[in-house]
Every structure is written in structure tokens, then in C-alpha cells.
Amino acid sequence: MAVSKGKPSSAIRSLALEGQIDFGESKLQEALIKIEDLTDFPEIRWHFIGPLQKNKVRGVIKAFHVIHSVDSLKLAQRISRICSEEHKNVDIMIQVKLREDPAKQGFSHDNLLEVWAEIMELPNIQIKGLMTIAPIELDLSQRKDLFKDCRSLADKLGLKDCSMGMSQDWQVAIEAGSTWVRLGSSLFGERHK
Ligand SMILES: *Cc1c(COP(=O)(O)O)cnc(C)c1O
């Protein structure tokens, strides 16, 4: 996935012309402008990867194909309810936090297992996999261990996908079994915000 947050529609257009189909955005307002600009590329699949506030759920469901950042039972329930109101189905990834990280959201291993039966039952959402972000202080071998833990949890739950790995750590993420790497700066150049 090409993470295009902070980049203009023209940059997305250039990659789309080279055949890139999956793009990730982390803010609804910013994404909607680009999605509107790029309606001549109906094959683009938009992935929502940022923290999702409850008042943005309806907008995200209408505009995005996959939500990678479902980090609480309440949020999953809300997505499910609004999807049924909108007569839509949406693919989601459950965001997990398998190491201490005050900067990030996500289910712990135990917390996810506790609510799993309930989340699985929710209508109008398809749980495709788990998503995780490595804490900034981890080195590559610690990241690989984290990604392996995420992969085993996904396997245990019967989930095919793991959305893990960014520009700094995508190689070890793939070695650990990632199915979606989310690349921003390595594709588009350094981020400025
Ligand atoms: C920004 C972002 C990325 C991409 O990060 P890079 O280091 O620029 O590749 C991936 N995932 C999430 C959730 C992001 O917010």
C-alpha cells in the first residue's frame, strides 16, 4: 500500500499511472479532497489507516474500501451499525498493540481474545486481519519479534492478513509474514508533517 497522507493528488496520480492501486490515508477531510480529484481512477482502493474518531465513521465507510485501524470493540460496533444503515459491507483490520506504546492505540493480546467472539458476530463487517505499528524505540530484530507475534495471533484467530511494516521496517515485516506493508516516505519522499 502506498501511504499518501500529506501528499497531493498529483503524486497519487503519478503512482496510479504506473499501476499502483492501493493507497492509504489517515485523515478523512484530507482524503476526501483527493478521492474527489481522482474519480477518473475507479480502480483505486482507499485504505483508512489513521486513528478513527467516532464522528468520522460514516464518512470513512462511504469513501474507503478497507479500515485498518479498528482499535476498540465500541468502534467495531459503531462501524457495523453504520454499515448496515448505509447498506454497505466493509473490510476491516483489527489494530493490536503487542508492546507498550503510549503513542499508539490498539487491543492487547488478552483484550482481543476476550472480545473476539463478540466482534466476529458483528454484521456488515469482514475482519480480514490484524494491523500493528512498531513502537519507535524498537530495533529491527525487536520489530521482527513483534511482527512474528502479530502473525501468530492472526493465525490463531484464523485471519489471513497482517498489515505491518513501514518504510523503516518492511523487510523484517515481510520475513515475519506481513501481507500488507504500508509505505509512505520510501515511495513519496520524506514526510513534512
Ligand atoms: C504514515 C504511516 C505509514 C507510512 O510511514 P512511512 O514511515 O512514511 O513509510 C504507515 N502506517 C501508518 C499507520 C502511518 O500513519
Side-chain angles (χ1 to χ4, degrees), residues 1-12 14-16 18 20-35 44-54 56-57 59-61 63-72 75-76 79 90-108 112 127-144 146-147 149-151 153-154 159 161-193:
M1 174 202 315
V3 177
S4 47
K5 66 179 188 217
K7 305 297 170 197
S9 306
S10 56
I12 300 175
S14 316
L15 277 194
E18 295 188 47
Q20 177 67 29
I21 289 173
D22 291 282
F23 289 89
E25 290 281 340
S26 55
K27 293 200 177 109
L28 176 62
Q29 254 29 60
E30 179 190 331
L32 287 177
I33 296 167
K34 300 180 211 177
I35 292 172
I44 292 183
R45 289 171 53 84
W46 297 99
H47 298 253
F48 192 83
I49 60 170
L52 178 49
Q53 294 158 359
K54 59 184 183 184
K56 301 286 165 64
V57 168
V60 165
I61 286 169
F64 284 80
H65 300 84
V66 189
I67 305 173
H68 288 238
S69 43
V70 179
D71 57 11
S72 71
L75 179 59
I79 293 170
V90 72
D91 289 346
I92 67 167
M93 309 263 187
I94 300 289
Q95 185 169 351
V96 293
K97 184 162 85 165
L98 304 177
R99 300 289 186 274
E100 272 310 304
D101 189 354
K104 293 288 182 283
Q105 298 301 312
F107 288 89
S108 70
L112 181 56
I127 304 173
K128 295 289 177 181
L130 302 182
M131 182 273 228
T132 201
I133 305 173
I136 193 131
E137 68 275 7
L138 297 193
D139 67 26
L140 279 178
S141 90
Q142 293 168 321
R143 283 170 193 239
K144 189 168 179 180
L146 162 63
F147 295 147
D149 288 350
C150 186
R151 181 71 261 176
L153 182 55
L159 298 171
D161 285 313
C162 280
S163 170
M164 54 191 194
M166 309 179 14
S167 295
Q168 304 296 324
D169 55 19
W170 63 270
Q171 289 98 334
V172 292
I174 288 176
E175 287 163 12
S178 175
T179 60
W180 283 102
V181 291
R182 307 180 307 266
L183 302 181
S185 44
S186 56
L187 283 177
F188 289 104
E190 278 307 316
R191 260 184 267 148
H192 299 290
K193 57 177 183 177

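Every number for a ligand or one of its atoms is a count from 1 in the order of the listing. Computed from a prediction, not measured in an experiment: that's the story for all the values here.
Heavy atoms from both the backbone and the side chain of I49 come within less than 4.0 Å of ligand 1. With a 4.0 Å heavy-atom cut-off, ligand 1 is reached by no atom of S26.
Taking the six-membered ring for Trp and thresholds of 30 and 60 degrees, W180 and H68 have ring planes more than 60 degrees apart, a perpendicular arrangement. Below 30°, between 30° and 60°, or above 60°: for F64 and W46 the angle between ring planes is above 60°, a perpendicular geometry.
Side chain to side chain, Q95 and T132 fail the donor-acceptor criterion of an N or O pair below 3.5 Å.
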**Q.** CA sep, side-chain torsions, deciding dist, call: D91, H65, side chain to side chain donor-acceptor pair (under 3.5 Å)
**A.** CA-CA 7 Å; D91 289 346; H65 300 84; over 6 Å; no

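Between K5 and ligand 1 there is a heavy-atom distance shorter than 4.0 Å.
Taking any N or O of R182, backbone or side chain, at least one lies under 3.5 Å from an N or O belonging to ligand 1. Some N or O of G184 is nearer than 3.5 Å to an N or O of ligand 1, by distance alone. Between Q168 and ligand 1, no pair of N/O atoms sits closer than 3.5 Å.
When each atom of ligand 1 is checked for a heavy atom of L183 under 4.0 Å away, the hits are 9 (O). Near S185, the atoms of ligand 1 lying under 4.0 angstrom from a non-hydrogen atom of the residue are 6 (P), 7 (O), 8 (O), 9 (O).
Dense packing is recorded around CD of Q142, with more than 12 heavy atoms of other residues, nucleotides or ligands lying under 6.0 Å away.
With hydrogens and angles ignored, the 3.5 Å screen pairs no side-chain donor or acceptor of Q168 with any backbone N or O of W170.
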